[in-house]
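What's counted below: heavy atoms across the whole structure, side chains too, no hydrogens, waters or symmetry copies.
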Amino acid sequence: MAFRDRSEAGAALADLLTSYADRPDVIALGLVRGGIPVAAEVATRLRVPLDALVVRKLGVPWSPEVAFGAIGPCDVKVLNREIRLAPEEMAPVIRHETAELRRRDRVFRLGRPPLDLTGRVALVIDDGLATGATAGAAVAVARALSAARVVLAVPVGATQAVHRLRTLADEVVCPVTSDFFGSVSRFYDDFRQVPDTEVARILNRT
């Protein structure tokens, strides 16, 4: 199964999240950047607020698409135990991604106060789940920000990653899973990169 684009994927997710519609304690959190268009569609259809959650994948130096972990605000760091690297191999990647995380957090907060999830239900939304490292960091960040309940919602996901994330989040919603996942892009007809300007436009609009 393939989605036309991220908006169509968000609509499919929203159909599975109707129990959270019109609730004042619910917030949709799109992972920057690809998760923002998906989350925007969910937020619109459920009539709940939208905000951005910035986490950064830690890519293996010689194969950046492979994540050895991820980081997020509140000094959250999640490491993929299946990938072992020496500390000196990880350190420069962590330094670089930490600087980029802080930059993006400043850009996408758009002058709003720091994200506060105290007592709220956080719908953590991305466009797909491959290794699960970034999503795991996002769930940990939401808990660090005192969310009462963390729901991870993704349109597509690798079966193994979905199973692992069920042990971290209170609920995982993922309509399409695959044992032979490959990359997230193969589940979309249109998987173009989402630029910072589009993220800012969506957040400003909402």
Going only through I, L, V, M, F, W and Y residues with side-chain contacts under 4.5 Å, is there a path from Val141 to Val107?
-> no

Arg56 bridged to Asp105 by N-O distance under 4.0 Å = no

What are the two closest heavy atoms between Leu31 and Thr134, and how far apart are they?
-> CD1-CG2, 4.1 Å

With hydrophobic residues grouped by side-chain heavy-atom distances under 4.5 Å, do Leu50 and Val26 end up in a single group?
-> no

Can you establish whether the number of heavy atoms outside Gln160 located under 6.0 Å from its atom CD is more than 12?
-> no

Under 3.5 Å: donor-acceptor pair, side chain of Tyr20, backbone of Asp25 = no

pair Val156-Leu129: side-chain heavy atoms closer than 4.5 Å | no

What is the minimum heavy-atom distance between Val150 and Ala142, and which atoms define it?
-> CG2-CB, 3.8 Å

The reported gap from SG in Cys174 to CG in Leu165 (rounded to nearest 0.5 angstrom) is 9.5 Å

Less than 4.5 Å apart, any side-chain heavy atom of Ser146 and any of Leu117?
-> no

Rounded to the nearest 0.5 Å, what separation is found between the CD1 atom of Ile27 and the CG atom of Leu29?
-> 5.0 Å

Within-4.5 Å side-chain heavy-atom neighbours: Phe68 and Val93 = yes

State yes or no: do Val32 and Val78 share one hydrophobic cluster built from I, L, V, M, F, W and Y residues joined by side-chain heavy-atom distances below 4.5 Å, directly or via other members?
-> no

When hydrophobic residues are tied together by side-chain contacts of less than 4.5 Å, even through go-betweens, does Leu17 share a cluster with Val48?
-> yes

Inspect the surroundings of CD in Glu88 and state if more than 12 heavy atoms from other residues, nucleotides or ligands are less than 6.0 Å away.
-> yes

SB check Arg6 Asp190 (cutoff 4.0 Å) | no

Ion pair present between Asp51 and Arg109, side-chain N to carboxylate O less than 4.0 angstrom?
-> yes

Work out which heavy atom in Ile71 is nearest to a heavy atom in Ile94; give both atom names and the distance.
-> CD1-O, 4.4 Å

Val173 versus Leu13: any side-chain heavy-atom pair under 4.5 Å?
-> yes

Can you name the closest pair of heavy atoms from Pro195 and Arg33 and give their distance?
-> C-CD, 4.3 Å

Main-chain N/O of Ala67 paired with Thr131 side-chain donor or acceptor, under 3.5 Å | no

Any donor-acceptor pair under 3.5 Å from Arg84 side chain to Asn80 backbone | no

If you take all heavy atoms of Ala28 and Ala39, which pair is closest and at what distance?
-> CB-O, 4.2 Å

Sequence neighbours left out, what passes salt bridge (charged side-chain N to carboxylate O under 4.0 Å, His left out) with Glu171? Give chain and number order.
-> Arg149

Contact list for residues 127-186, test ring pair (Phe, Tyr, Trp, His ring centres under 6.0 Å), sequence neighbours left out | Phe181-Phe187

May I ask you to test the Ser178-Arg186 pair for a side-chain heavy-atom distance under 4.5 Å?
-> yes

Quick one: pull up CG in Leu123 and CD1 in Ile125 and give me the separation to the nearest 0.5 Å.
-> 5.5 Å

Rounded to the nearest 0.5 Å, what's the gap from CG on Leu152 to CG on Leu168? Could you check?
-> 9.0 Å

Show the numbers, then the answer: is there a side chain to side chain contact (heavy atoms under 4.5 Å, CB included) between Arg143 and Val139?
-> CA-CA 6 Å; Arg143 294 207 187 282; Val139 170; 4.2 Å; yes

Between Ile36 and Phe108, is a side chain to side chain contact (heavy atoms under 4.5 Å, CB included) present by the stated rule, with each step listed?
-> CA-CA 11 Å; Ile36 292 292; Phe108 299 126; over 6 Å; no

Would you name the heavy atoms of Ala52 and Leu203 that are closest together and state the gap between them?
-> CB-CD1, 3.8 Å

Heavy-atom side-chain contact between Thr44 and Val42 under 4.5 Å = no

Can you list the steps and then say if Thr197 with Val199 is a side chain to side chain contact (heavy atoms under 4.5 Å, CB included)?
-> CA-CA 5 Å; Thr197 53; Val199 172; over 6 Å; no

Roughly how far, to the nearest 0.5 Å, is the CZ atom of Phe191 from the CZ atom of Arg4?
-> 15.5 Å

Please assess His96 against Leu101 for the test side chain to side chain contact (heavy atoms under 4.5 Å, CB included), listing each intermediate value before the final yes or no.
-> CA-CA 9 Å; His96 172 78; Leu101 182 144; over 6 Å; no

Establish whether Leu46 and Leu16 are linked, either directly or via other cluster members, by ILVMFWY side-chain heavy-atom contacts under 4.5 Å.
-> yes

From CZ (Arg81) to CZ (Arg164), nearest 0.5 Å | 9.0 Å

4.5 Å side-chain heavy-atom contact, Met90 and Leu58 = no

Flag side-chain contact, heavy atom, 4.5 Å: Leu115 against Leu53 | yes

Counting only heavy atoms not in Arg192, do more than 12 sit closer than 6.0 Å to its CZ atom?
-> no

NZ/NE/NH1/NH2 to OD/OE distance under 4.0 Å, Asp22 and Arg47 | yes

Has the side chain of Asp170 got a donor or acceptor atom that lies under 3.5 Å from a matching backbone atom of Val151?
-> no

